[in-house]
Amino acid sequence: MSEQSSPPGVPQASLQLAYPVRGLDFSSAGEAAGRIKRALQQIGVPSAVIRRAAIVAYEAEMNIVIHARQGTLRASISPGRIELIAEDEGPGIADIEQAMQEGFSTAPDHIREMGFGAGMGLSNIKRCSSQMTIVSDVGRGTKVTAILTGW
Amino acid sequence: MRLSEITRILDAEVLCGTDKLDSDVSAAFACDLMSDVLAFSGPRPLLLTGLTNSQVVRTAEVIDAPAIIFVRGKRPTAAIIALATEKGLACLLTTRLMYESCGLLYQAGLPGCRPGKEVTGGGQGVGAV
């Protein structure tokens, strides 16, 4: 785990957080999202916004753990704006539109037995975000960017 | 409804968080699909589930659930209870099944939670590249 914060004196104060996420490491899955949530609590972001950001971060982190070899979950927090980026080295998504459909999932049974793989992850991220972008390269990886604004 | 009353109604065993039994919960959500918990539960719900892995605790943390009730007598491992303790959650264990647990709590006046408006982020579509 690594955390970086902007040096003091930087205008438009922003907090940068970055956490490595390992594929199939279910014991730690959710730890990065939890840390981002606690950082938002310490800053004093409204609780309803924290909840949305925590859901986005957790779903994005779980996607890396379930599907990818490894990745990074980053958060860029500034007044009135949170940007969450989940970037992974993994199989990529061949059909993003299909992956966005509620109920569609490629997760194997052992993931479903953990309560995930219900095909709600990306749609959950979209629902909780003001703006969401997915960039994916099949065989190389996926980058999900979610921006929360407006409070 | 106080957690102590919920404990009594479900004849539950307190696995951790005995110091939190005076806390109040105003609504509950019952589910074994953690993605659905994230998608459909409202703020600060009591979480009832038959799953006992660490993702239940992580999910409870994300949605600000103050307590988890493990139904069907599903006992989580000591490591899971330790994680819940670290996160400040109370954990209860009942041998009652999910349907009966929910029915008893609903009958006693604990409503189901509905997704709050604040949960919706006003998603404006997905830019796929």
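The figures here come from the full heavy-atom set of this structure, side chains too, leaving out hydrogens, waters and symmetry mates.
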Chemist: Grab the two heavy atoms, one from B:Val62 and one from A:Lys37, that are nearest each other, plus how far apart they are.
Modeler: O-NZ, 3.8 Å
Chemist: Determine the minimum heavy-atom distance between B:Ser35 and A:Asn124, stating which atoms define it.
Modeler: O-ND2, 3.1 Å
Chemist: Which bit of A:Ser27 is near chain B, if near means a heavy-atom gap under 4.5 Å: side chain, backbone, both or neither?
Modeler: backbone
Chemist: Between B:Asn53, B:Thr59, B:Leu33, which is the residue that forms a side-chain contact (heavy atoms from CB on, under 4.5 Å) with A:Phe116?
Modeler: B:Thr59
Chemist: Below 4.5 Å from any heavy atom of chain B, which atoms of A:Glu102 appear? Answer side chain, backbone, both or neither.
Modeler: neither
Chemist: Contact part of B:Thr49 toward chain A, heavy-atom cut-off under 4.5 Å: side chain, backbone, both or neither?
Modeler: neither
Chemist: Check each of A:Glu59, A:Met120, A:Arg51 against B:Leu38 using the side-chain contact (heavy atoms from CB on, under 4.5 Å) test, and report the only one that passes.
Modeler: A:Glu59
Chemist: Counting distance only, does the side-chain N/O of B:Gln55 pair as donor-acceptor with the main-chain N or O of A:Phe26 below 3.5 Å?
Modeler: yes
Chemist: Between B:Arg58 and A:Glu61, is there a side-chain N and carboxylate O pair less than 4.0 Å apart?
Modeler: no
Chemist: For residues 67-83 of chain B, which residue pairs pass the side chain to side chain donor-acceptor pair (under 3.5 Å) check, not counting sequence neighbours?
Modeler: B:Glu13-B:Arg75, B:Asp32-B:Arg72
Chemist: Report the distance from atom OG of B:Ser41 to atom CD1 of A:Ile55, rounding to the nearest 0.5 Å.
Modeler: 6.5 Å
Chemist: Do B:Leu21 and B:Leu10 share a hydrophobic cluster, counting only Ile, Leu, Val, Met, Phe, Trp and Tyr and linking them when any side-chain heavy atoms are less than 4.5 Å apart?
Modeler: yes
Chemist: Are B:Leu93 and B:Leu110 joined in one hydrophobic group, where the rule is that I, L, V, M, F, W and Y side chains link up if heavy atoms are under 4.5 Å apart?
Modeler: no
Chemist: Should we count CZ of A:Arg140 as having more than 12 external heavy atoms under 6.0 Å?
Modeler: no
Chemist: Using non-hydrogen atoms only, which part of B:Leu51 is less than 4.5 Å away from chain A: side chain, backbone, both, or neither?
Modeler: side chain
